[in-house]
Protein chains: 2
Amino acid sequence: MLSMTASRHATTSRAPRGETAVPAAFPGFSQISAVSFYNEDSVIYAQGEKTGPLYLVEFGAVRTYRLTADGRRQISAFYFAGEVFGFEAGDEHHFYAESIERSGIRVLRPTHGDRQADTVLPLALNSLIRAQEHLLVLGRQNAVERVAAFLLDLAERQDSETHVDLPMSRADIADYLGLTFETVSRVLRKLKELRLIRLAATRQVEILNFDGLNELCE
Amino acid sequence: MLSMTASRHATTSRAPRGETAVPAAFPGFSQISAVSFYNEDSVIYAQGEKTGPLYLVEFGAVRTYRLTADGRRQISAFYFAGEVFGFEAGDEHHFYAESIERSGIRVLRPTHGDRQADTVLPLALNSLIRAQEHLLVLGRQNAVERVAAFLLDLAERQDSETHVDLPMSRADIADYLGLTFETVSRVLRKLKELRLIRLAATRQVEILNFDGLNELCE
DNA sequence: CGTTGACTTGAAGGTATTCAAGCTTTGTGG
DNA sequence: CCACAAAGCTTGAATACCTTCAAGTCAACG
């Protein structure tokens, strides 16, 4: 269930010449780089592995997480197309990174003539902001507020006020929000009963009342 | 109670010549700098203020926190002597920073010939690690585990396996751990009854069984 | 078409919160 | 130096919220 034993199904492919340039500039990291494809629930890197490259999501979705000694999982972040992950302090990963669905990940390897700090610093600061925002959610908000905040966060990142795509399972959402998957399910039902959302499909949320949802987050 | 209205009681003093060198190197930030003194519960910076300098705790203790719209507070971190805070993404602070007790804070202003990223990046990555560790605590640990982890964290930072000094109130601890101050109080009593700690004074914890406390964190 | 995994739903139970009262410590003024 | 006030802390009882356990439904896939 925790995908700890997920085998690596990545197939690396060097992209054809014309498509290799990375959209944005990442000084200190290779601009021309391989894209790896990962199936659902594949390990991208594991806790304890050496750090080094950055990872740019071309398409798909990624979760990063830690485990407690007795196996409880805390997902620290989700990453979607266009977002970068993989920077950490020290030379070993403290987290696991896994694909949630079939994904394409561009591996940005550090180059020698380094300006890496210029690339990593804004990413790190942004992640820090997000992590601290998340601390507020986990520390001070109830289940309904957490789920509402999560949906709004996804809506914003998916650039839509009306429709949210959930590539991850209820269990993933639960492990991100510090809840159980049953509670996530119940809260979604409640939001549905409140006419704030509609579940077009299990993993397709339609936002019926954006402001109402927003008010729930306090 | 939230010290929102705490007035600024800082008295700035330029340190005498021989003592001005900052212990460690902070490239891109002024090495010779003023130390400000803050009384208990004084605002160092507020949410919305412009960012810029870094702050090095010379002595005392600092909390940084955010508030929800309805006034719930989440303390994101405590900072003690030798630790640096104040770096954030963007040009405005997302957090409040306040002294917990009478404190001396060295203000490190950015210099022009900048190598600031070299200084800020390791600090940011370290903070990110700490924040993500904290996410695991808030998301997946119960009250006893949270308090135990907190005591061990402080013990490590205070370089003692037997004695922990708590400069902050029970309410501060609660707002850091996502609990109520009553629960913090009850958990400390429980740890006392388990003979894992002793309360020499309200804010002086003696660790009687370090390993036992460690096991509680899972 | 049957099986598997993901999801939903219900009922019981547990943990932390809320509300309330009392205690301790600290600081201040008489 | 003592008395009092105020704030911080402790403790108890009732309650709320989320979890756990269990059963059942739905959807995807071979």
Side-chain angles (χ1 to χ4, degrees), chain A residues 1-3 5-6 39-41 63 68 70-74 100-102 137-148 150 166-193 197-205 216 218, chain B residues 1-3 5-6 39-41 63 68 70-74 100-102 137-148 150 166-193 197-205 216 218:
Chain A
M1 174 207 167
L2 294 177
S3 302
T5 57
N39 286 324
E40 206 179 317
D41 297 326
R63 62 177 166 252
T68 61
D70 63 343
R72 285 172 284 178
R73 183 178 68 156
Q74 177 63 44
I100 290 171
E101 55 186 350
R102 176 158 175 79
V137 172
L138 295 193
R140 286 287 166 243
Q141 310 218 120
N142 63 30
V144 171
E145 292 169 332
R146 292 183 202 196
V147 173
F150 177 69
L166 303 176
M168 70 292 286
S169 69
R170 301 289 189 264
D172 282 339
I173 299 172
D175 285 350
Y176 178 69
L177 296 179
L179 302 169
T180 61
F181 65 88
E182 295 98 325
T183 298
V184 171
S185 184
R186 275 186 260 267
V187 169
L188 287 173
R189 172 162 59 120
K190 187 170 181 183
L191 296 179
K192 205 167 62 179
E193 286 166 1
I197 65 170
R198 219 173 63 80
L199 282 173
T202 307
R203 298 190 179 187
Q204 297 286 329
V205 178
L216 281 188
E218 268 296 12
Chain B
M1 175 201 165
L2 293 178
S3 303
T5 57
N39 286 326
E40 206 178 317
D41 297 325
R63 60 177 168 252
T68 61
D70 63 344
R72 286 171 284 179
R73 183 178 68 156
Q74 177 64 43
I100 291 171
E101 56 187 349
R102 177 159 175 79
V137 172
L138 295 192
R140 286 286 166 244
Q141 310 219 120
N142 64 29
V144 171
E145 292 169 332
R146 292 182 201 195
V147 173
F150 178 69
L166 304 176
M168 71 291 287
S169 68
R170 299 290 190 264
D172 282 340
I173 298 171
D175 285 351
Y176 177 69
L177 296 178
L179 301 169
T180 61
F181 66 88
E182 295 99 325
T183 297
V184 171
S185 184
R186 276 185 259 266
V187 169
L188 288 172
R189 172 162 58 119
K190 187 169 181 184
L191 296 179
K192 205 167 62 181
E193 287 167 0
I197 65 170
R198 220 173 62 80
L199 283 173
T202 307
R203 298 189 179 187
Q204 296 285 330
V205 177
L216 280 188
E218 268 297 10

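Numbered from 1 within each chain, the chains take letters A, B, ... in sequence-line order. What's counted below: heavy atoms across the whole structure, side chains too, no hydrogens, waters or symmetry copies. Computed from a prediction, not measured in an experiment: that's the story for all the values here.
- Atom CD in A:Q204 sits about 14 Å away from atom P in D:dA27, given to the nearest Å.
- Summarising the geometry, the separation between CD1 on B:I173 and C1' on D:dT10 is reported as 14 Å, rounded to the nearest angstrom.
- Residue-level contact check: A:R203 touches the backbone only, with heavy atoms under 4.0 Å from sugar-phosphate atoms and none from bases.
- Protein atom CD1 of A:I100 is 20 Å distant from nucleotide atom P of C:dG5, rounded to whole Å.
- Using modelled atom types, one side-chain atom of B:Q74 and one backbone atom of B:D175 make a donor-acceptor pair closer than 3.5 Å.
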Report summary line: With sugar-phosphate taken as primed atoms, P, OP1 and OP2 and all else as base, the protein-contact string of nucleotides 16-26 of chain D at under 4.0 Å (heavy atoms; B, S, -) is --SBBB-----
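- For the pair B:L166 CG and D:dC9 C1', the computed distance is 13 Å after rounding to whole Å.
- Between the side chain of B:R140 and the backbone N or O of A:R73 there is at least one donor-acceptor pair closer than 3.5 Å.
- Distance CG (A:L191) to P (C:dC7): 16 Å, rounded to an integer number of Å.
- Remark: A:S185 OG to A:I173 CD1 distance equals 10.0 Å, nearest 0.5 Å.
- In terms of phosphate contacts, A:R189 brings a side-chain nitrogen or oxygen within less than 4.0 Å of OP1 or OP2 of C:dG10.
- A straight line from CZ of A:R170 to C1' of D:dA27 spans 13 Å, rounded to a whole angstrom.
- A donor-acceptor contact shorter than 3.5 Å links the side chain of B:R146 to the backbone of B:L138.
- In this structure, A:M168 atom CE and C:dA6 atom C1' are separated by 15 Å, rounded to whole Å.
- The separation between B:E193 atom CD and D:dT10 atom P is 12 Å, rounded to whole Å.
- Here the side chain of B:R63 pairs no donor or acceptor atom with the backbone of B:Y176 at under 3.5 angstrom.
- Using a distance-only test at 3.5 Å, with no hydrogens or angles considered, no donor-acceptor pair links the side chain of A:R72 to the main chain of B:G139.
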